[in-house]
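Per chain, numbering begins at 1; letters A, B, ... match sequence-line order.
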Protein chains: 2
Amino acid sequence: MNQKMSNIANELTKNNIKPSIHRMRILEYLMDKRDHPTVDEIYINLKKECPTLSKATVYNAVSLFVNVGLVKALTIEGTEVRYDYTKNNHGHFKGEQCGFICDFDININQMNFDGLDHCEILSKDVNFKGICSECLLNNKR
Amino acid sequence: MNQKMSNIANELTKNNIKPSIHRMRILEYLMDKRDHPTVDEIYINLKKECPTLSKATVYNAVSLFVNVGLVKALTIEGTEVRYDYTKNNHGHFKGEQCGFICDFDININQMNFDGLDHCEILSKDVNFKGICSECLLNNKR
DNA sequence: ATATAATATTGTAACGAATACAATTGATAG
DNA sequence: CTATCAATTGTATTCGTTACAATATTATAT
């Protein structure tokens with residue numbers, strides 16, 4: 001096992017998740033490709049290398065990861081859940097025409113808000129939607 | 001038709017939506033009960049008064065409303081879309097234990113962010129999750 | 001008022017994402 | 001090597017949503 005894989009194994013063990021081959025592969029995928037994939041996208045792409053992989057395994061793995069906080073489940077638009085490994089605070093912008101999701105910088109923790117006294121806030125999400133620069137250019141033509 | 005209903009009819013006409021009885025009832029429901037209902041909840045509750053109402057009509061109506069910007073589709077958690085009439089800017093907090101969603105004050109437009117140059121931003125959402133004050137109290141017992 | 005056209009509504013079928021679960025496979029310890 | 005436990009698989013099922021043809025309702029013109 002190379003260095004990268006043993007790091008991934010470590011991440012999992014730290015969170016009380018046994019580092020099986022599939023789980024490691026799935027986490028590796030999420031770490032490498034930060035394009036907020038759906039379960040289906042993870043499944044289709046990993047299936048090439050691991051032909052025995054089942055979609056249920058992907059569902060199991062990502063929900064384990066989400067439960068321990070290793071990855072975040074993004075629900076920017078209805079009926080699709082996407083997964084994001086990145087931990088540093090950022091917002092998500094979804095282009096409504098092309099469907100592309102990109103990260104943007106925003107200091108979510110500096111935002112001041114009111115009306116949630118005595119609540120325990122566990123996660124904060126900022127989602128913008130609109131037309132991305134590329135689509136705007138294409139539309140002009 | 002009373003004053004309230006003719007106001008609702010007006011809102012719809014202004015947005016080029018013909019004010020049919022069902023559409024008015026559905027919009028009225030969203031205006032009165034600001035608890036971010038799902039299509040199912042709207043359907044079940046209105047069915048009592050309008051027994052002929054079909055779920056397809058609710059889907060049609062809310063998607064018309066969303067398209068013209070009369071109501072907002074909330075996707076705080078995966079696999080459920082909720083609808084919100086309120087137009088003034090606020091955030092949504094979802095209690096993960098009880099599922100209750102409440103609004104909170106946050107000035108979304110004052111937040112400064114970076115990395116979305118040349119994009120046209122059409123909507124901004126702020127979603128927090130955690131444990132609400134009531135659940136926290138209950139857990140202690 | 002009546003006929004005609006346009007639109008809204010209904011009910012059902014079909015789809016897709018997600019979950020549940022029993023059966024199988026794989027890993028681990030004695 | 002065997003027994004035990006956990007991971008994985010494949011399938012069946014559920015549920016929210018969409019699609020669509022049939023029906024009902026509304027508006028318009030005669």
Tell me whether the count of non-hydrogen atoms from other residues, nucleotides or ligands lying under 6.0 Å of CD1 in B/Ile21 goes above 12. no
Just the rounded figure in Å: distance from P of D/dA24 to CZ of B/Arg23. 19 Å
Nearest-Å distance, CG (B/Leu12) to C1' (C/dT7)? 15 Å
What's the closest nucleotide to the A/Ala56 side chain, out of C/dA20, C/dA18, C/dT9? C/dA20
Side chain A/Glu41, main chain A/Thr38, donor-acceptor under 3.5 Å: yes
B/Ile17 vs A/Val81, nearer the 5' end of DNA chain C by closest nucleotide: B/Ile17
Just to be sure I understand the rule, does B/Ser20 reach a base, reach only the sugar-phosphate, or reach nothing, if contact means heavy atoms closer than 4.0 Å? sugar-phosphate
Whether B/Arg34 and B/Asp103 form a salt bridge (side-chain N of Lys/Arg under 4.0 Å from carboxylate O of Asp/Glu) is what I want to check. no
Looking for any heavy atom pair under 4.0 Å, which part of the strands does B/Lys18 touch: base, sugar-phosphate only, or nothing? sugar-phosphate
Of all the choices, D/dT9, C/dG11, D/dA7, which nucleotide is nearest to the side chain of B/Ser54 once you look at every atom? C/dG11
Between A/Arg82 and A/Asp35, is there a side-chain N and carboxylate O pair less than 4.0 Å apart? no
Among the nucleotides D/dT8, C/dT9, C/dA18, whichever has the atom closest to the side chain of B/His22 is C/dT9
Among the nucleotides D/dT18, C/dA8, C/dA18, whichever has the atom closest to the side chain of B/Tyr59 is D/dT18
Expressed as a whole number of angstroms, how long is the span from A/Asn60:CG to D/dT9:P? 9 Å
In this structure, how many angstroms lie between the P atom of D/dT25 and the CE atom of B/Met24, rounded? 17 Å
What nucleic acid atoms does B/Ile21 come within less than 4.0 Å of, heavy atoms only: base, sugar-phosphate, or nothing? sugar-phosphate
In whole angstroms, the gap separating C1' of C/dT12 from NZ of B/Lys55 amounts to 13 Å
Donor-acceptor side-chain pairing of A/Gln110 and A/Asn89 below 3.5 angstrom: no
Just by distance, do the side chain of B/Thr75 and the backbone of A/Ile76 share a donor-acceptor pair under 3.5 Å? yes
Can you tell me the distance, in whole Å, between the OH atom of A/Tyr83 and the C1' atom of C/dA18? 9 Å
Taking only heavy atoms on the protein side, list every residue of residues 28-53 of chain A lying under 4.0 Å from any atom of DNA chain D, sorted numerically. A/Thr52, A/Leu53
Send over the distance from A/Ile26 CD1 to D/dT9 C1', rounded to a whole Å. 13 Å
What is the distance from CZ of A/Arg25 to P of C/dG26, rounded to the nearest Å? 16 Å
So, does A/His22 use its side chain to make a donor-acceptor pair with the main chain of A/Ser20 at under 3.5 Å? no
